[in-house]
Asks: 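Below are the structure tokens for one structure; questions will follow.
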Amino acid sequence: MKESVIYQDIVQKEAFKLISRQLKRRFGDIDASLVEQVRNLSAEQLEELGEDLLDFSEVADLVAWLE
């Protein structure tokens, strides 16, 4: 079941919701293009971003991470 496309889609969407809330709390509203780039990350990438986000001090850190 964990390998099904539907399950992976749900996991990705939930991870995105969490990361987007964390980004908003940390940096306020961020550029829509950055939000879209984050939305397009896989669940695994979002998980990694969630950990790395703890070390970010400014939005430029997110931009660098996404590159």
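Every value quoted in this text rests on a predicted model; they were computed, and no experiment measured them. We count residues from 1, following the sequence as given.
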Asks: Test: salt bridge (charged side-chain N to carboxylate O under 4.0 Å, His left out). Region: residues 9-21. Which pairs qualify, not counting sequence neighbours?
Replies: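 Listed by first then second residue: Asp9-Lys13, Glu14-Lys17.
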Asks: Gln12 and Leu41: which non-hydrogen atoms are nearest, and at how many Å?
Replies: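 Taking Gln12 first and Leu41 second, the nearest heavy atoms are NE2-O, 2.9 Å.
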Asks: Pair Glu47, Glu44 - check side-chain contact (heavy atoms from CB on, under 4.5 Å), show working.
Replies: CA-CA 5 Å; Glu47 206 173 291; Glu44 289 174 355; 5.5 Å; no
Asks: For the residue pair Ile19 and Gly50, what are the closest heavy atoms and their distance?
Replies: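 Smallest heavy-atom distance, with atoms named: CD1-CA, 3.3 Å.
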Asks: Evaluate whether atom CG of Leu54 has more than 12 neighbouring non-hydrogen atoms of other residues, nucleotides or ligands under 6.0 angstrom away.
Replies: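 More than 12 within 6.0 Å, yes.
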Asks: Yes or no on side-chain contact (heavy atoms from CB on, under 4.5 Å) for Gln45 and Ser42, after CA distance, side-chain angles and deciding distance?
Replies: CA-CA 5 Å; Gln45 291 171 314; Ser42 69; 3.3 Å; yes
Asks: So, for Arg26 and Leu53, which heavy atoms are closest and what is the spacing to 0.1 Å?
Replies: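 Nearest pair, atom of Arg26 first, then Leu53: NH1-O, 3.4 Å.
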Asks: Please identify each residue that fulfils salt bridge (Lys or Arg N to Asp or Glu O under 4.0 Å) with Asp52, with sequence neighbours left out.
Replies: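 Result, salt bridge (Lys or Arg N to Asp or Glu O under 4.0 Å) vs Asp52: none returned.
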Asks: Only one of Asp29, Val35, Leu34 passes side-chain contact (heavy atoms from CB on, under 4.5 Å) with Asp31; say which it is.
Replies: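 The passing option is Leu34.
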Asks: Evaluate the criterion side-chain contact (heavy atoms from CB on, under 4.5 Å) for residue pair Leu49 and Phe56; output intermediate values, then yes/no.
Replies: CA-CA 10 Å; Leu49 176 56; Phe56 292 178; 3.7 Å; yes
Asks: Grouping I, L, V, M, F, W and Y whenever their side-chain heavy atoms are under 4.5 Å apart, do Leu18 and Val38 come out in a common cluster?
Replies: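 No: no chain of side-chain contacts under 4.5 Å links Leu18 to Val38.
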Asks: Determine whether Ile10 and Phe16 fall in the same hydrophobic cluster, where Ile, Leu, Val, Met, Phe, Trp and Tyr are linked whenever their side-chain heavy atoms lie under 4.5 Å apart.
Replies: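 In one cluster: no.
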Asks: Would you please test Asp61 and Asp55 for side-chain contact (heavy atoms from CB on, under 4.5 Å) and show each step?
Replies: CA-CA 9 Å; Asp61 294 325; Asp55 297 324; over 6 Å; no
